[in-house]
Amino acid sequence: MALNPKKHEMPTRAPEVRARCFGEVALGYPAEIAREEAKRCLNCKNRPCVSGCPVNVNIPDFIMKIKAGDFEGAYQVISETSSLPAVCGRVCPQETQCESKCTMGIKFEPVGIGRLERFAADWHNANATEKAVAPESNGHRVAVVGSGPSGLTCAGDLAKKGYRVSVFEALHTAGGVLVYGIPEFRLPKAIVAKEVETLKDLGVDIETNVVIGKTLTIDELFDMGYEAVFIGSGAGLPNFMNIPGESLKGVYSANEFLTRSNLMKAYLENPATPIQKGGRVAVVGGGNVAMDAARTALRLGAEHVYIVYRRSMDELPARREEVEHAMEEGIDFRLLNNPVEILGYLNPADPRDPKNGFVTGMRCIRMELGEPDAKGRRRPVPIEDSEFTLDVDTVIMAIGTSPNPLIKDTTEGLEVNSHGGIIVREDGLTSRENVYAGGDAVTGAATVISAMGAGKVAAKAIDEALSAR
Amino acid sequence: MYRIIRKTILNPTVTQMEIEAPLVANKALPGQFIILRVNEEGERIPLTVAGVDKTRGTVKIIFQIVGATTELLNHKNEGEYIQDFVGPLGVPTHTEGIKKVCIVGGGVGCAIAMPVAQAFHEQGAEVTGIIGFRNKDLLILEDEFRACSDRLVVMTDDGSYGRHGNVTVPLKEMLEAGETFDLIVAIGPLIMMKFVTLTAKPFGVPVTVSMNPIMIDGTGMCGGCRLTLVKDGRRVTKFACVDGPDFNGCEVDFDEAMSRSRMYFDYERHAHEQTCNLLRGADA
């Protein structure tokens, strides 16, 4: 039997169509294709893929189930270790994780592990009739700060063991980056809502509109009877470049732009929350957030969208599939370019001109890669006298985010590092007794899956600590 | 869902509501604000906490009907619910060590200034209140202000009540007459806060202003509410939702703040018209 050297193609909405709408880009394998793709898995003995997964999903086992046509069984295998399978299948950078270790990948293309995971999760959501059941309570109460991937995972794992968990979310909808950061065309919000519903079925209590550090402090949570607290508050503080013109109208942090579009649904016709639509847009940055912002701007009707990134394609950190999709959609990649100033309209004759204060362009400089820095990444260096102006009316800064200092400022004894990340032991315990942390709040902005891994690790540690009482 | 316990019309454009939100009521201090949504598809808007009742677990908000969301909010009645209500956000107003304060309130800004005036009064400071309105129909909270001020001046732009003129006039007179305030607190439209600051600046009296930019999340994650302070010639970016809403008036770039506040002007006007039409149609 000849093994297919390439992954089975993922049905994808055509670039010209999808660049103007918010429907999902990757449409998912039909069942027959999923089974064919599953046959490519050699079920090899040493299973390197499992070690490549930050939550160690039992990959060969679920793939074998798909191959046998037991799709619900495949879902059950995945959900033993992952609490958000429909999410991970869509947003994990498999090319640097499980698929990068795949034995098939040595000579051929790796098995489409991500696509199969998505298939199993979607099949379950479409076909399963039984709701998850909350196990009997063990009497212990745990509080989780933040309903993003790390918080939801920690809550889910503890709930399955009988803990009574309350998740406190600052925004009005649960999901964290899954709802405010990642756009509808990559991760439909209905899917996130379904995952959250499953957690509620498991007995997790989700309290929205509670800002820990303002509405309640962590110390007050202990006073209220919670025995342990997991901090999954993320890295939501946006970085700005601090170049001139950054406060002009039309300059957004990627967080603001994406929150308006995704969470506040500004992408709809006639939304209650406005967002600048159309025009010519420059997105500064090269990560997944930059890709999301650029592709969102395109779908909101922009006539031209630039990605302005100071290094080259090799260093661009975004997930490969997002970069490919972005290029197919016509996003203009300006690599080895860096902004130096944002220009705005000023009518000296009329201070009341309504166009005053809006972005009219962005001055950039060309870069070249110089000597490697301490981490081995080649440092971008400006090329003298190479400035030029990009004709844009919207600038989106997607240059990274840092942990919000609110929790640190209101929790005595909680130690953080120089980047604001909460300092933790290997099991997630912070410098405060019974307070754990994980995800972006610890590492700075990273991935959904590594946040989930941290949530799992902390749940295990909390379970051990509270069981010992 | 958060229940509207009480609704009071203060004047044709300003409404007061008491919302049941015990966690917020328990924590909110003068100067802090909340963010609310009226319904599920609605926008998030910030409103300053005008007072709390810890026993009943309610938070008082006073809002001017200026756009789509405040129009929808005003359409709600006692016993009905609003979708979301979160707080308390922002840094409370600093009142320590102040013995003599002048509180200047402009228009609906007086509603925001009220709890601050009360706080200073309760801690024993001498409070001079200057409140100004466009005309006498827009007057609000005069009695409440009088109750916590040692001296109160009421101004109207058109002279239909109190003294004729804007709030900077009596302030300038007092400063020129040698009044020594430890602090001036100015709360109202941006242009008013800018001119109160300019009036006080030559006399070297510190001025605290309460900034009210467009906000989305209110917790420091988006930077939409950012403003610029000029400190010793250097321009520094601050987020009004977490560093403010109070700032040193002498440092604030008001012109930039005013420009940024107009970013969605056309959109907002259109949305307001649409909402009014919708509500009128629904009521018909």
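We name chains A, B, ... by the order of the sequence lines, and we start the count at 1 in each one.
Looking at heavy atoms from C-beta onward, A/H172 lies in side-chain contact with B/R37 at the 4.5 angstrom threshold. Using a 4.5 Å heavy-atom threshold, the side chains of A/E246 and B/T237 count as separate. Taking the side chain as every heavy atom from C-beta outward, A/T259 and B/D217 never approach each other to under 4.5 Å. Two residues are said to be in side-chain contact when any heavy atoms from C-beta on lie closer than 4.5 Å; A/K214 and B/V86 fail this criterion. Side-chain contact between A/N270 and B/Q274 is present, with at least one heavy-atom pair separated by less than 4.5 Å.
Counting all heavy atoms, side chain and backbone alike, B/K27 lies closest to A/T217 at NZ-N, 4.0 Å. The shortest non-hydrogen separation linking A/F240 to B/C222 is CZ-O, 4.5 Å. The heavy-atom pair separating A/A272 from B/Y267 by the smallest distance is C-OH, 3.8 Å. Between A/E256 and B/Y264 the shortest heavy-atom distance is OE2-OH, 4.4 Å.
In terms of non-hydrogen atom pairs under 4.5 Å with chain A, the most contact-rich of B/E256, B/Q32, B/R226, B/E268 is B/R226. Each of B/R44, B/R235, B/Q83, B/H270 has some count of heavy-atom pairs under 4.5 Å with chain A, and the biggest count is that of B/R44. Ranked by heavy-atom pairs shorter than 4.5 Å toward chain A, the options B/G87, B/A271, B/G218, B/A28 are led by B/G87. Your options are A/S253, A/A254, A/P351, A/G250, and the one with the most heavy-atom pairs under 4.5 Å with chain B is A/S253. Interface summary for chain B: among A/G357, A/P238, A/P244, the most heavy-atom pairs under 4.5 angstrom belong to A/P238. If you tally non-hydrogen atom pairs under 4.5 Å between each of A/P271, A/G236, A/S247 and chain B, the highest count goes to A/S247. Contact tally against chain A (heavy-atom pairs below 4.5 Å) for B/P88, B/G42, B/G223: the top residue is B/P88.
Proximity to chain B is limited to the side chain of A/N404, based on heavy atoms less than 4.5 angstrom apart. Neither the backbone nor the side chain of B/I35 comes within contact range of chain A; no heavy atoms are under 4.5 Å apart. With a 4.5 Å cut-off on non-hydrogen atoms, A/L263 does not touch chain B at all. Only the side chain of A/E220 comes within contact range of chain B, judged by heavy atoms closer than 4.5 Å. Neither the backbone nor the side chain of A/L258 comes within contact range of chain B, judged by heavy atoms closer than 4.5 Å. Looking at B/F265, neither its backbone nor its side chain comes within 4.5 Å of chain A, counting heavy atoms on both sides. Contacts between A/P354 and chain B at a heavy-atom distance below 4.5 Å are absent for every atom of the residue. Interface remark: A/L237 contributes backbone and side-chain atoms alike to the contact with chain B (heavy atom separation under 4.5 Å).
The number of heavy-atom neighbours closer than 6.0 Å to CZ of B/R134, taken from other residues, nucleotides and ligands shown, is 12 or below. Within a 6.0 Å radius of NZ in A/K265, no more than 12 heavy atoms belonging to other residues, nucleotides or ligands are found. Surrounding CD of B/E78 are more than 12 heavy atoms belonging to other residues, nucleotides or ligands, all under 6.0 Å away.
Remark: side-chain polar atoms of A/K249 are paired, donor with acceptor, to backbone N or O of B/S259 under 3.5 angstrom.
Rounding to the nearest 0.5 Å gives a distance of 4.0 Å between CD of A/Q276 and CE of B/M263. Rounded to the nearest 0.5 angstrom, A/I212 CD1 and B/T219 OG1 are separated by 12.5 Å. Atom CD1 of residue B/I216 and atom OH of residue A/Y180 lie 13.5 Å apart, to the nearest 0.5 angstrom. One distance of note links CD1 of B/I34 with OG1 of A/T215; it measures 11.5 Å at 0.5 Å rounding.
No hydrogens or angles considered: a donor-acceptor pair under 3.5 Å links the side chains of B/Y2 and A/N209.
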